[in-house]
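Structure, as structure tokens:
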Amino acid sequence: AGGVAPLLVPLAALLAALPAAPEQKLRFRPPAEPPVRLFTEPELARYDGQQEGQPIYLAVKGVVFDVTSGKEFYGKGAPYNALVGKDSTRGVAKMSLDPADLTHDITGLTEEELKSLDDIFNNVYKAKYPIVGYTSRRILNEDGSPNLDFKPEDQPHFDIKDEF
């Protein structure tokens with residue numbers, strides 16, 4: 001019945017004899033960056049505000065935001081519900097709820113629409129809503145390989161503000 005057991009006592013005695021380590025070394029430190037979650041279109045579609053108690057997600061420029069705190073705007077039957085559960089970059093840029101505009105595709109947008117998109121992206125979404133992940137289109141290349149140029153968005157000006 002030898003095995004590992006005899007080693008336990010000397011090891012415990014050895015550890016007890018060591019000087020106490022500074023406390024911060026023993027504490028668990030969360031990673032500096034939260035893990036990046038990848039959303040496929042069908043996964044993102046599950047967060048469309050139709051189910052009570054389920055988070056509401058909206059993607060703009062491939063960045064998925066949790067807009068649940070604005071459910072009076074994005075929830076079921078709310079004025080901007082058409083935008084959620086998908087990447088609605090074009091709709092945000094054009095300020096359009098037309099189903100044809102509720103896409104990631106920004107082909108043919110004017111300079112003014114692109115500027116509007118950046119303003120809304122930075123001053124509304126990044127400022128008000130937490131980032132919960134990225135669309136697969138933002139993280140992966142067309143062939144499904146990882147996009148080596150992918151950089152998570154920072155949210156230096158983020159603070160949860162009430163909508164009112």
Check whether any side-chain heavy atom of Y74 sits under 4.5 Å from a side-chain heavy atom of P79, and report yes or no. no
Look only at the side chain of Q54 and the backbone of Q51, and say whether a donor-acceptor pair between them is shorter than 3.5 Å. no
Are the side chain of E113 and the backbone of K94 linked by a donor-acceptor contact shorter than 3.5 Å? no
In this structure, CG of L58 is separated from CG of D48 (nearest 0.5 Å) by 12.0 Å
Residue pairs passing the ring pair (Phe, Tyr, Trp, His ring centres under 6.0 Å) test where at least one lies in residues 42-71, sequence neighbours excluded: F39-Y57, Y47-Y57, F65-F121, F65-Y125
Calculate, to the nearest 0.5 Å, the distance between atoms CG and CD belonging to N81 and Q50 respectively. 5.0 Å
Please answer whether the main-chain N or O of D119 pairs with a side-chain N or O of N123 as donor and acceptor at a distance below 3.5 Å. yes
Minimal heavy-atom distance between L140 and P146, with the atoms involved, is CD2-CA, 4.1 Å
Heavy-atom closest contact (A82 atom, L97 atom, distance): CB-CD2, 4.3 Å
Using distance alone, with no hydrogens and no angle criterion, decide if D98 and S96 have a side-chain donor and acceptor under 3.5 Å apart. no
Test your reading of the model: is there a side-chain donor-acceptor pair from N141 to the backbone of D143, 3.5 Å cut-off? no
Quick one, T40 and T135 - any side-chain contact, counting heavy atoms below 4.5 Å? no
Partners meeting ring-ring contact (aromatic ring centres under 6.0 Å, His included) with Y80 (sequence neighbours left out): none
dist Q155:CD -> N122:CG (nearest 0.5 Å) comes out at 10.5 Å
Between the side chain of K86 and the main-chain N/O of H104, is any donor-acceptor distance below 3.5 Å? no
Do M95 and I120 have side-chain heavy atoms sitting under 4.5 Å apart? yes
Is T68 reaching over with its side chain to a backbone N or O of P55, donor-acceptor style, under 3.5 angstrom? no
Looking at T89 and K61, would you say the former's side chain and the latter's main chain have a donor-acceptor pair under 3.5 Å? yes
Just by modelled atom types, is the G91 backbone N or O under 3.5 Å from a matching donor or acceptor in the S88 side chain? no
Within a strict 4.5 Å, meaning less than it, do heavy atoms of the T103 and D87 side chains meet? no
Could you give the distance from CG (L83) to CG (D101), rounded to the nearest 0.5 Å? 10.5 Å
With a 3.5 Å distance limit and no angle check, can you tell me whether N147 reaches the backbone of I139 through a side-chain donor-acceptor pair? no
How far apart are the closest heavy atoms of A59 and L44, and which atoms are they? CB-CD2, 3.8 Å
How would you list all residue pairs meeting salt bridge (charged side-chain N to carboxylate O under 4.0 Å, His left out) that involve residues 132-142, not counting sequence neighbours? E41-R137, R138-E153
I106 vs L114 side-chain heavy atoms within contact, under 4.5 Å: yes
Sub-4.5 Å side-chain heavy-atom contact between V132 and D66: yes
Can you find a pair of side-chain heavy atoms, one from R90 and one from L102, that are under 4.5 Å apart? no
What pair of heavy atoms forms the shortest contact from L38 to S136, and how long is it? CD2-CB, 3.7 Å
